[in-house]
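Within every chain, numbering begins at 1; the chains are lettered A, B, ... in the order of the sequence lines, protein sequences first and strands thereafter. Quantities reported herein were computed from a predicted structural model and do not represent experimental measurements.
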There are 2 protein chains.
Amino acid sequence: MADDPAVVRVELDRSSPVPLYHQLATAIEHAIETGSLPPGRRLENEIALAKRLRVSRPTARRALQELVDLGMLVRKRGVGTQVAPVRVRRKVDLSSLYDDLQRSGRHPTTSVLEYSVAPGTAEVIEALELPAEADVVTIRRIRLADGEPLALMTNHLALEVAPSYEELGESGLYHALRQRGVEIHMAHQQIGARIATASEARLLEEKPKVALLTMERTAYDAAGRAIEHGQHVYLASRYSFSTTLFAS
Amino acid sequence: MADDPAVVRVELDRSSPVPLYHQLATAIEHAIETGSLPPGRRLENEIALAKRLRVSRPTARRALQELVDLGMLVRKRGVGTQVAPVRVRRKVDLSSLYDDLQRSGRHPTTSVLEYSVAPGTAEVIEALELPAEADVVTIRRIRLADGEPLALMTNHLALEVAPSYEELGESGLYHALRQRGVEIHMAHQQIGARIATASEARLLEEKPKVALLTMERTAYDAAGRAIEHGQHVYLASRYSFSTTLFAS
DNA sequence: CGCATCCTTATGTCCTAACATATGAGCCTG
DNA sequence: CAGGCTCATATGTTAGGACATAAGGATGCG
């Protein structure tokens, strides 16, 4: 029968510090990603799964739930558990433009237009949650993809966390921050559009008044501290944002 | 002492069909949102919470976990559970423009410019995963906020799921779909920008060549079926997208 | 007085055990 | 044979208990 429940081959290491449910989730995830569990395939029910692997039902359940949260499995009461249809099965991650470009096979380069230290404007001070008049590092850069201008990026950071001009290097701000031990955990961003100013058009080597995508972002670390605030513009003809949304 | 664990006042309805853990999660969420549990405030530990409310520890745990997933609580082993720092504490939800506007206190209205049935274009057929030449319902609408034009929306749906012209009504497409029992679960969208065409500018009552935000979205139900594909344009001067991203 | 160690605390992991309920298939009746 | 009903199935909810482990403070020793 084609609708025999799939049996995943799993080896659990009970002496490992990584939780059993996570080991199991990872194993099933791997089976889905390698295609040995194709979309639509029915899994054995959680009781059988638990029994076979000699774990408790809650443990098996939790593994399955983990994959449902990732969008890789679909469960229906009274019916069973199925591998979700193809689509995206990864959480929307906080990717940097640099990594994005690299992943899509383009060759990103960056040059720094400005690196300065000065008291922050009211807007920046508020976004970074700093005391009034505090000094702020401002970085302006232009990013090119395969040699063609793509975006103008302006970032503001508190002095304590800002990478030096040298550390900034080629590979992007978030990469430099990570090397300083600062991990971005969450960000707010607002995406809009407007017409380019004369100087923006000149820098981007475009005719005046081209359409720009604008993005304003404030990024926070795991403890909730504001790390970075940036205002960026992208050439709309060469870049767009892709996102995946889930209903609550 | 200022660091006494907070005690949330909760009433659980054990005869309700909504799960205890969700009742509890909602109650705590409400306490946080109304400010009676301020950011940083420590909660009583989960054992005490469970005992006080006469629920099992797993139930209390699950409620707390739900709020951790929403980013409203932070837990640390050996330390306790705290209300997360201010920020956003809502998942990025798949909100409809209509609901967005209503929540922000503006008054949205919609008028239907076109409602037609015809064989879909190649792009639409592919997005909706329909057989070639299949009939598709096309809906074009203009949305106003407080009487001023804001967006032009074009949606394509398969005949079987499309709301009728009458069902479409005032309150938005997703609302109409929900009333037909179709739940949107996930969507892919791509956000870009461009200059308005002459006819777009006319419909939006704007001068020619204003900046527009563009959005292309394909929405899916829980089973992964493509439900709706839309191409929308927004007046950039009146609208922007806000999102919250989390690192993986 | 500084430093290492122990101990308390609270969450993390894992188990067994019921009962509730949505779904779909098959049976049974009119 | 059509339509309603029953029942098996699989997931959803809840309970109660045991042990592991990270964090931070208290303790005691050099």
query = Taking atom CG of A/Leu43 and atom CG of A/Leu64, what is their separation to the nearest 0.5 Å?
reply = 7.0 Å
message = Tell me whether the side-chain N/O atoms of A/Arg62 come closer than 4.0 Å to OP1 or OP2 in C/dT13.
response = yes
query = Do the ring planes of B/His156 and B/His229 sit parallel (below 30°), tilted (30 to 60°) or perpendicular (above 60°)?
reply = parallel
request  = Whole angstrom is fine here: how far is it from CD1 in A/Ile47 over to C1' in D/dT13?
outcome  = 13 Å
message = Whether B/Tyr21 contacts D/dT14 is assessed here as follows: a side-chain N or O lying under 4.0 Å from the phosphate OP1 or OP2. Is that the case?
response = no
key: From CA spacing to verdict: side chain to side chain donor-acceptor pair (under 3.5 Å), B/Ser116, B/Glu114   = CA-CA 6 Å; B/Ser116 62; B/Glu114 177 192 340; 3.0 Å; yes
note = Regarding the side chain of B/Arg75, the nearest nucleotide among C/dG12, D/dT14, C/dA10 is C/dG12
message = Let's see if you get this right: which residues in residues 8-16 of chain A place a heavy atom under 4.0 Å from DNA chain D?
response = none
note = Rounded to whole Å, NE2 of B/His22 lies from C1' of D/dT14 at a distance of 16 Å
request  = Answer yes or no: side-chain N or O of B/Arg57 and base N or O of C/dG12 forming a donor-acceptor pair under 3.5 Å.
outcome  = yes
Proximity to the side chain of B/Arg61 - top-ranked nucleotide from C/dA10, D/dA10, C/dG12 = C/dG12
ask   = What is the distance from CG of A/Asn45 to P of C/dG24, rounded to the nearest Å?
value = 16 Å
inquiry  = Output the rounded distance in Å from CG (B/Leu64) to C1' (D/dT14).
reply    = 16 Å
ask   = Under 4.0 Å between a side-chain N or O of A/Thr81 and OP1 or OP2 of D/dA10?
value = no
query = B/Pro19 near the nucleic acid: base, sugar-phosphate alone, or nothing, with a heavy-atom cut-off under 4.0 Å?
reply = sugar-phosphate
inquiry  = With salt bridge (charged side-chain N to carboxylate O under 4.0 Å, His left out) as the test, pick out the partner of A/Glu46 among A/Arg57, A/Arg77, A/Arg52.
reply    = A/Arg57
query = Do B/Gln190 and A/Ser240 have side-chain N/O donor and acceptor atoms under 3.5 Å apart?
reply = yes
query = Could you give the CZ-to-P distance, from A/Arg54 to C/dT16, as a whole number of Å?
reply = 11 Å
query = What distance do A/Asp69 atom CG and A/Arg62 atom CZ have between them, rounded to the nearest 0.5 Å?
reply = 10.5 Å
query = With a 4.5 Å heavy-atom cut-off, do B/His188 and B/Tyr220 have their side chains touching?
reply = yes
query = CD of B/Glu66 versus C1' of D/dT13: gap in Å, rounded?
reply = 13 Å
message = Between P on C/dC15 and CD on A/Glu46, what's the gap in Å once rounded to a whole number?
response = 14 Å
task = Could you walk me through whether B/Tyr115 and B/Val137 pass side chain to side chain contact (heavy atoms under 4.5 Å, CB included), step by step?
result = CA-CA 7 Å; B/Tyr115 186 104; B/Val137 174; 3.7 Å; yes
message = Measuring from the side chain of B/Arg42 (C-beta onward, heavy atoms only), which nucleotide among C/dA10, D/dA15, D/dA10 has the closest atom?
response = C/dA10
key: Between C/dT9 (C1') and B/Glu44 (CD): distance, integer Å   = 15 Å
request  = Indicate, yes or no, whether a donor-acceptor pair under 3.5 Å links the base of C/dT21 to the side chain of A/Arg77.
outcome  = yes
request  = Nearest-nucleotide wise, let me know which of A/Thr59 and A/Lys76 is further upstream toward the 5' end of DNA chain C.
outcome  = A/Thr59
request  = With heavy atoms under 4.0 Å as the rule, sort B/Leu20 into base, sugar-phosphate or nothing.
outcome  = sugar-phosphate
